[in-house]
Structure formats: structure tokens, C-alpha cells
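Quantities reported herein were computed from a predicted structural model and do not represent experimental measurements.
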Amino acid sequence: MRRTRILTAVLALAAGLLSGAPTALAAGPPAPKLAADTYTWKNARIDGGGFVPGIVFNRSEKNLAYARTDIGGAYRWQESSKTWTPLLDSVGWEDWGHTGVVSIASDSVDPNRVYAAVGTYTNSWDPKNGAVMRSADRGASWQKANLPFKLGGNMPGRGMGERLAVDPNRNSVLYLGAPSGKGLWRSTDSGAGWSQVANFPNVGNYAQDPSDTSGYASDNQGIVWVTFDESTGTAGSATRTIYVGVADKDNAVYRSTDAGATWQRLAGQPTGHLAHKGVLDAKNGYLYLAYSDKGGPYDGGKGRLWRYATGTGTWTDISPVAEADTFYGFSGLTVDRRKPGTVMATAYSAWWPDTQIFRSTDSGATWSKAWDYTSYPNRENRYTMDVSSSPWLTWGANPQPPEQTPKLGWMTEALEIDPFNSDRMMYGTGATVYGTENLTNWDSGGKFAIRPMVQGLEETAVNDLVSPPSGAPLLSALGDIGGFRHTDLTKVPSMMFTQPNFTTTTSLDFAESNPNTVVRTGNLDSGPHIAFSTDNGANWFAGTDPSGVSGGGTVASAADGTRFVWSPEGAGVHHTTGFGTAWQASAGIPAGAIVESDRVDAKTFYGFKSGKFYVSTDGGATFKESPASGLPGGDSVRFKALPGGKGDVWLAGGAADGAYGLWHSTDGGTSFTKLSNVEQADTVGFGKAAPGASYQTLYTSAKIGGVRGVFRSTDKGASWTRINDDAHQWGWTGAAITGDPRVYGRVYVSTNGRGVLYGDSSGGGTTDPGPGPDPTPTGACEVTYKITSQWSGGFQADVRLTNTGTRPWTGWSLAWTFTDGQKLTQAWNAEAAQSGSTVTAKNVAWNANVAAGSSVSFGFTASRSDTNAKPGAFKLGEQTCAVA
């Protein structure tokens, strides 16, 4: 179910990005005419939706854990709420590839420090090199060290690891395993600088498919994990013994016993497989290794588990089943730090009937399984599963035994027992994070309870979004899990679109004057590629494909829902009356054109292909090429017709080496006018008009005034307001955008891995309930106020608030006074408002809890005059804080 994720992400990026490399964010301040608004951003909840290949617990601080995703950034666990907090939302348009996380490392010496190795593809799909991000505040803010090579968070082999590791004795030393023959790299200054370990003897040689000319499957998967033996060092001195895993079936494991000065192939090691993981039980002196014949995460037909005695050099095959009985590889691997000798592993590539989890309490001498057959096809589970918090994980399926729903998982390469709690285990799948908090029931003969532990972690690639004027406020087209109908943005929908269940939905539309009529198209290995709904997307029925259809393409509904135009992959543009039972080829428009409908005239449809605009006035039967000129020459274009405005069309797109921007037509596409104040634009959408305005609000993901961001216009594009900020960029947002026709200021933004974001303006218009009463924390506090940049008329500042008292806070509200007329413009990581000269910044949901001795950080931008004095005093409720 995850195979389409690669194609979805790459095709989206190829269409919207790689045709012209995005322009870098301007180093200077915004242009003077560019306004800004303070927005609150949240996810339309889906909870999960993508592959989580890595989970890392800190070894010295309880409840500190991180998760990495292949294209959707990294997250930190919030124990008080049992949720995940996103950490890489600040990644901008130019660096979109840095939302792919190939490895993450948490520093056990200084738990405030965390590192992420980022980069999405090692081939040409990602034009930039990888980087190592480093944070001294648990991911609240980052510094970046660029690397001279690419990293592959969404490449084959991404479930192996961890490739990035911090020396547990001398934490200024880190190692990073690189792909593509780039070898092993080391930092000796806490990740700021990196150099290749020149004497490391093997750069790897395994590629999934050496004949793949795209460079995707043919890339050498390289150095895949690094593990320190913490018992061979003392605090402040580099650890002497280090193990490194290499993607080489004959030479998979290397060791250094002199802190990396020299390296040797580990003698006597097994051959014929790849070592996906190497996990050390230093107390018992065992290095455990999970092997597979393939690199994963999808493939793997054979595998073994081995144990290496570090003191004697003895190798022992501890596999729970004979190799002849495996049809999968092993990857997920963990040890219980509180109960040495307890080991667990996963059969990550057992797609059918289910993944398998193995557990041993005697260092691998004997094993038990999470499930086993009683008499085939019947099976008995050692666990129970409750997916009521994410009910769509059943996929609406009704499988035959031995398959069950919900499944235990697939692509289960991340598996970790909490080092402070033997009862808690988490593991990642291709769709979610599962976990248990009574794991040791396994050993006593009882059942342990599995449930999703994924709230806050949103990892879907979004292809299209619509917000009808009635019914559900949001319908989405997603990669891998199809899409959802959100009747409540704060709640997880009960099920994705089904009947049929597309692996990826590529396009959505509804009838403007009859929003109960909805159409969607998508990809399916076998079956129809189009579906219809007559109840606003609550229920669906399949249409019939024209001959030759191989993919979803784009689709448009007539304004009244009586006819449809479809431009599928593999076939030309077609039209039909009714619900797709008799398609006819459309004339005058090339195959592969993007299609949309006029939102007033039911017989008018529009198309675009390779710089040409096409118009049909007979329900899509025939199209005529518009005389409009000067439009983008490529196919990286998205356009929409304005609801309620016949012939009113907006078109966004282009490439940096040609026409690029936002165009407007008021004559049905006969002519277009390019907006001179928009440098680049990739999406366009409409929402409720501003109070007192007659024209609907425009939204776009664009570059305006030298700044890349998400923008709003309430005056038909004459002026623009940036509504996101530097802390909320989400990488690539070029697939879709739409406002809400019922709530002024609300906008829905697509991402390529961070799900559907929706924003509400602090200026009002939202129908959401307001915030609760101000929190009233007590105890001592300290504030560090730092101006990080200034420009003519404005500045940016960071604020760190430290709880120097003895009791934790469950909320906070910090106030100060500006003395030089400064005016707040936007804020991130806090809800901030200004009344007169007084600014009040309050916690957001994820950073409300501040333990004694801990800190929370937020930032803001503001306007200024020639002077810009720092505030002299800060108050936390009624408590005056010390100023650092």
C-alpha cells in the first residue's frame, strides 16, 4: 500500500517543482507593500497515513522519544498528551527535500540535543544535497550543516539504520553513514562540521536494481547503521568500540576498537544477506543483527537473526524459524534495556497475511510469536488491537482468514522498547505508529493491548483539496490512503474513501450548484479509476473506464453535476453525461491536458496543456484552442474557475526559466492578464469574501515581494498578505490550495508529507470556539530575549522562557511592553497578540507543559522605528521574570 507513495511524491514534485528549481527565500526583509497576518495552523486530523521507518528513545531521559518519516519530517513525543509534535515545519520551499529524514539521533549525554540527517532523494529528483540538522532545544529550533552529497529519506533501504549516531561518552562526536558510495562521515564538533572517515574500508555495493536508469533503485545503499559499545568508554572520552553496518552481502559488519582510528571487517560473520540493524546489549556483551536478502522497505524474501558475542567473537544463528520457512526478511530489532536478554524483532516484509513480531527473553535461545496458526487458516493472537482512535486503519476491509483487519502492520522496520519502561513498545508501519503499554503480558501468557500511538504525526502527500459550500467542509485527495471526507477538522474520519478504494486519489471535484454530487479519480492496480458520490462524498460507487486508462489524471464536474470531463492517464480526454457509464472522446484537446469546469455554466469546461488553454462550450464534446498567449510553456500549472463568476478563471504555474506567475481571465480564457505583483505562483484557490468585499478571497502558494509563502488577497490580487511564517513552511506546498466558502480567512493547504494544514486568521471570521482562560503558572522564571535580524522598518526576535521554579507549568502566558512603538506582525510557537504597547504570548497546545528546569521558545516579527530597545521587564501572569 506504500508503493504508490514514491510515485505520488515524485510525480507531484516533477510536475510542480523539478521543471524549474524553486527560487531561494530572499535574505532580506519583505517588500514594503507586503502585509502579514497572524494565523493559527493545525492539521485536519488523519493521524498517521505514511511510513514511519525510525523511532528513537533517549537513553538517559524518561519519555523523550523521536520519530522520523520518509517524506514528512521528524516528530518529538509529548508524554503529557500522548501526542507527537512536528519539528521540521520550518523547512522552506527551496529546501523541500529536507523534509525527508533518513536518520535521527538523540543525545544521551545532553538530552536537549537532537540531530536529523535530511534529504529525500539521492538521484536527480531532489536537486539539493542533504544536510545534518542539529538542535539544542529538542527540535524547537535548528541549525544546519550542509553535506557535499545527497541523502535519501524516501529511497530504497530507508528503513535500515540508524545511520546517524552520537557517541554516548563523548557527545561532540557523531558518525553518519552515507549512501551512493560516499562512505562513513564523522563530526567532532557536535554536528557543525563533517569530514569523511578516509580509512573506512567499504562504501557498500548493494543496489535494489542496478539497471534502473532513473537512479532511484540503482543507487548504492551505502553505510546503513552505526552502533557504539558504550561500555568501552568513559564520560568525556571517545567510545573505543564502534560497529558499522554496510550494504554489502559479503561484508556487512565492520568494527573499530580504537575510537575510529582503524577499522576491520568483523571476522566470521555470516554472508549472503544485508544487516538491516545492529543493536547492542552492552551488559550481556551481545550484538544482535537483523538480516534480509533485500534492502526494503517493500521487498525481502529471506532473512536471519544473528547474535555476536563481543567478548569471544562467537557468532550464533538465533533465527526463530528455519530459513526455508521464511518468506520475509528481518529488520525491526530492539532489546529491553531494563531486562537484559529480552530481544524483539520483526518480519518487516511479511505483507500477507500479516507482519510478524518475535520475542525472546533468553537472548535469542527461544522465541515466541505475536500470532500463530491454530489450524490453518485460523490463527490465535497474543495481542488485542483497538483502532477506534484511527478507525480507517481497517481499510473498510473484510478479508478471509488468515488475513485479519486491522492488520498488525507491514513495513515494520521501526521497533523500540522504551528503555525506562519494559511495558511500553512502539513500532512503525507503512501507515501509522502502533504501541502497547502492557507488553510484558506477552511473557505471562496474557494478551498485550496494541493501539495507535500516532496522534499529531501527520504524514500524507496531498494531491487535491476541495471545500464545498455545503456539506463537509473539506474533501481531500491523498497518496497511498486515497482521501477523506472531513465533517470535523479536529476529529479523525471514520474511513477513507472506499468503493472503490484508490491507492492514490489524483483529482477531486464537485458540482458547484449541487455539492452533493462529487467525483474523484485515482490509481488502482486493478479496477476502475473513477468514482462518484451523490451524498457529498459520504458514499461512493464506481464508474466505468474508457479503453486504455492506466491512471487517475484530472477530472471536472459540470456546475450542475449533469456531466463530467475526464483526462485520465493512458487515454485522451473524454466526456460523459450521467455518471460515467458511456464515455466519448473529446475533440480538439490533447491527451494529458488538465481539465476544470466553469462554476456557473454547466456546459463550459476548460483545459490546459503545454502552454495552451482550451475551452469547450458543448459539455466537453469539443474544445477550441484559446488565442491567449504568454502562458507558462510547461505543464506545471494549476487553474480554477471562480465560483459564481461565469468565465472568471485564475491560472497559476510556470518555471523559473520561463513564464511563471499568476494569470487572470474574465472572458472564459480568451485572454489572460498576468499579475505584475506576483513573481511566482503554483496554486490558486478561493474562499469566503472578506467583510465588506464583493469578490471572493484569493489564496496562493507563491513568491511575492521576494518571499516564498502562502498568501491571501481580499481585493482581487491588487495586494497580498502573507499568512504563514518562517516557522510554518512545510517544504513543498505546490499541489493544491483552497479557501473555505463558509469561513472568511480559513484556508486549506496541501503538503507533500505533512498532511492537510488549515489556517485561521487572528483577525476573526472563524467559527471555531475561542481560547480558554489565560493560564496562571506560578514560580520563578527567566527570559532570554534576542533580536535575530533587523531591517528597515522591521525585525525578528526569539524568546526563551525558562521555568526556574520547582513545580511544572501546565500553561503559560508571558507579557511585556514595547517602548519604541514596535508593532507585532506575526508569531510562531505561541499565540501572541498586542494591545497598545503590551504584548501577550501564550502557549499553544503542544508546548503548554514546561517542567521545572526546562525551557520553551517562540519567535515573532514586528515593525519598528529607528530605535528598537529590548523590553526591560517580562511577567509570567503576575510573576516578574528574571532577564538573562
Side-chain angles (χ1 to χ4, degrees), residues 1-6 46-56 65-72 74-75 77 84 101 153-154 157-161 276-277 290 292 296-300 328-334 344-358 369-371 381 383-395 397 399 403-417 424-436 439 448-461 478-482 492 496 503 753 755:
M1 296 183 186
R2 295 272 308 158
R3 291 184 176 90
T4 57
R5 184 174 196 78
I6 297 170
I46 294 168
D47 288 11
F51 182 32
V52 180
I55 298 169
V56 173
Y66 296 89
R68 62 179 172 94
T69 68
D70 51 4
I71 65 172
Y75 293 80
W77 178 252
W84 296 94
V101 184
N154 201 35
R158 60 191 180 275
M160 295 194 279
H276 274 225
K277 300 277 197 310
S292 175
Y298 309 118
D299 53 4
Y328 47 77
F330 294 98
S331 183
L333 183 64
T334 187
M344 297 183 70
T346 67
Y348 77 96
S349 54
W351 288 80
W352 188 94
D354 210 339
T355 197
Q356 184 62 273
I357 303 177
F358 302 91
K369 301 177 182 178
W371 63 271
N381 300 331
Y383 60 89
T384 61
M385 290 195 80
D386 177 4
V387 297
S388 57
S389 63
S390 302
W392 58 266
L393 285 168
T394 67
W395 252 257
E403 193 173 10
Q404 296 180 350
T405 189
K407 298 185 79 166
L408 189 60
W410 59 92
M411 296 164 58
T412 49
E413 297 207 68
L415 174 74
E416 291 295 327
I417 299 172
R424 178 155 68 180
M425 173 191 71
M426 294 183 186
Y427 67 97
T429 78
T432 192
V433 176
Y434 280 125
T436 181
L439 177 61
F448 61 99
I450 294 176
R451 61 178 177 82
M453 288 186 176
V454 73
Q455 185 177 343
L457 194 158
E458 298 283 349
E459 198 208 359
T460 51
L478 307 177
D480 287 347
I481 57 174
V492 178
M496 71 276 284
T503 52

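Side-chain contact between Glu403 and Trp352 is present, with at least one heavy-atom pair separated by less than 4.5 Å. Gln404 has its side chain out of reach of Pro353: every pair of non-hydrogen atoms, C-beta onward, lies at least 4.5 Å apart.
Qualifying ring pair (Phe, Tyr, Trp, His ring centres under 6.0 Å) partners for Tyr434, counting only residues two or more places apart in sequence or in other chains: Tyr427. Residues passing the ring pair (Phe, Tyr, Trp, His ring centres under 6.0 Å) test with Tyr383: none are found, sequence neighbours excluded. Taking Thr436 as the reference, Asn438 meet the side-chain hydrogen bond (donor to acceptor under 3.5 Å, both in side chains) condition, with sequence neighbours excluded. Among residues two or more places apart in sequence or in another chain, the side-chain contact (heavy atoms from CB on, under 4.5 Å) test is passed with Ser389 by Pro452. In terms of the side-chain contact (heavy atoms from CB on, under 4.5 Å) criterion, residue partners of Thr384 (sequence neighbours excluded) are, by chain and number, Lys447, Ala449. Shown here are the ring pair (Phe, Tyr, Trp, His ring centres under 6.0 Å) partners of Trp77, two or more places apart in sequence or in another chain: Trp84.
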What do the steps show when you test Val492 against Gln455 for side-chain contact (heavy atoms from CB on, under 4.5 Å), and what is the final call? CA-CA 10 Å; Val492 178; Gln455 185 177 343; over 6 Å; no
Begin with the C-alpha distance, continue with both residues' side-chain angles, and end with the deciding distance and a verdict on side-chain contact (heavy atoms from CB on, under 4.5 Å) for Ile357 and Met344. CA-CA 7 Å; Ile357 303 177; Met344 297 183 70; 3.6 Å; yes
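A distance-only check finds no donor-acceptor pair linking the side chain of Asn154 to the backbone of Ile71 [under 3.5 Å].
The CD1 atom of Ile481 sits 11.5 Å away from atom OG1 of Thr503, with the distance rounded to the nearest 0.5 Å.
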